[in-house]
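The structure appears right after this line, and notes come after that.
Read the numbers this way: they start at 1 and go in the same order the structure lists the ligands and their atoms.
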Amino acid sequence: MPILLSIDLPESGPQINNLFIRNTAEQLLRLTGRTAYELSVLLVADKHIADLNKLWRQKKGPTNVLAFSLTEGQDTEMAGNLLGDIVISVETAGREAKREGKTVHQHLTVLLVHGLLHLLGHDHERSVDEAAIMFDKEQELLEKLRTQRRLEMIRLAVNVDHIATLREARGIREPDPVLAAGICELAGAEGIVVHLREDRRHIQDRDVILLRQTVQTKLNLEMGATKEIIDFALDLKPDIVTLVPEKRKELTTEGGLNVAGQQKKISSVIARMNKAGIPVSLFIDPDSRQIQASGRAGATFVEIHTGCYSDAGNEEEMEREFDQIAAAAQEAYENGLRVNAGHGLNYVNTSRVAALETIEELSIGHAIMARAIFVGLDQAVREMLALMI
Ligand code: PXP
């Protein structure tokens, strides 16, 4: 079910994430049972769509979306197997999105759904009844798309630092974070996270070296950008590195990384990691300046710091912090960054963050380990996963 995506836009217009458009179109074909078909999607400027509008509909000026069916809704009379063309003016979509308080990509999704329904034979201009049917169908598809994206995307990565904290409290050999990681993976975690701190207060070099050999999912090494740890990571080659700010006296990572304030240094670390085949995630506050700087620095992922949301003292503050996380995740996603989130997430506040379509992975440690003391680690991981659906 190839999507033939063609983009003909001036440089000055809104930045479009090609992968997002392609994935959305593919998901829509799947949801409408048209996987045997090809779909052509053209993203154009106002002038281009105005010309088509005049030629084919005898209407003046630009519009948001036009659909040209090659099958006229008839599954049997396929022209090859091309369903047709959906032409969208990104400039008109941008203006409409602004007016409706949506992002361009959210509105492009609505226009893709609308165009596809036209290709499948729906028409809101034929009668009031048909318009109502098409509207209902549109809402239904958008809801299914949201649910599917959420289910496809969200993963749990478990941070096992606190197992090592308990071990280091006695300076003996147990409990072992390596064993804990295996139990987390068996319970359904799709990643293991460890923070190798400069002061080695919990995770030790031995742990990370063994985890590199035993982790079956993905090993995410959290680290400060110091020479010693960078050299260690380049040698070890974790599946992904997350750069965090690190202060010796803090109890846990306190704030996000100031990427905007040290872009040159961060870019150079990312370049070295990427050269060794290691993608880099930057742990940042939900702040547009840091997101833009992360994109410029060449990060593959950002991990949005959810600490302020988790620590919120009342509902109003929690709402405000949640909105910031949602907006930041959306902005990062639309800028082509992959998005993780974490810090302070627990069994009460995780579901809402997990429901954000733009977030791929949650990194959770303390809450899972705290519950594991009472219910066991396997059960604690499974209970967290159940909240993420
Ligand atoms: N993400 C990052 C970057 C962190 O530093 C931590 C804490 O080690 C976490 C996620 C997990 O936070 P918590 O232990 O509060 O779930």
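Because its NZ or CZ atom is both nearer than 6.0 Å to the ring centre of Y347 and within 45° of the ring axis, R371 counts as a cation-pi partner of that residue.
Proximity to S363 (heavy-atom distance under 4.0 Å) selects the following atoms of ligand 1: 1 (N), 10 (C), 11 (C). Close approach of ligand 1 to V244 is summarised as follows: ligand atoms under 4.0 Å from at least one heavy atom of the residue are 3 (C). Every atom of ligand 1 is numbered from 1 in the order shown, and the set under 4.0 Å from a heavy atom of N159 is 8 (O). In summary, the atoms of ligand 1 found under 4.0 Å from a heavy atom of G344, numbered by their order in the structure, are 12 (O), 13 (P), 15 (O), 16 (O). Listed by atom number, the atoms of ligand 1 under 4.0 Å from E222 heavy atoms are 1 (N), 2 (C), 3 (C), 4 (C), 5 (O), 6 (C), 8 (O).
With sequence neighbours excluded, the residues that form a side-chain contact (heavy atoms from CB on, under 4.5 Å) with L210 are V178, R206. Listed by chain and residue number, H114 satisfy the side chain to side chain donor-acceptor pair (under 3.5 Å) test with E138 (two or more places apart in sequence, or in another chain).
Residue, atom and distance of the protein heavy atom nearest to atom 16 (O) of ligand 1 are G365 N, 2.8 Å. Among protein heavy atoms, atom 6 (C) of ligand 1 sits closest to H343 CD2, 3.5 Å.
By the 3.5 Å distance cut-off applied to N or O atoms, I364 is not counted among the residues near ligand 1. Between H366 and ligand 1, an N or O atom pair is found at a separation short of 3.5 Å. In terms of polar-atom proximity, E303 is counted as a contact of ligand 1, with an N or O under 3.5 Å from an N or O of the ligand. Of the N or O atoms in L345, none lie within a sub-3.5 Å distance of an N or O in ligand 1.
Using a 4.0 Å cut-off between a side-chain N of Lys or Arg and a carboxylate O of Asp or Glu, R155 and E190 do not qualify as a salt bridge. Salt bridge annotation for R167-D207: present, with a cationic side-chain nitrogen under 4.0 angstrom from a carboxylate oxygen. Ion pair R352/E319 flagged as a salt bridge, since at least one NZ, NE, NH1 or NH2 atom sits closer than 4.0 Å to an Asp/Glu carboxylate oxygen.
Atom CG of D85 sits about 10.5 Å away from atom CG of L66, to the nearest 0.5 Å.
Remark: aromatic rings of H124 and F135 are distant, center separation not under 6.0 Å.
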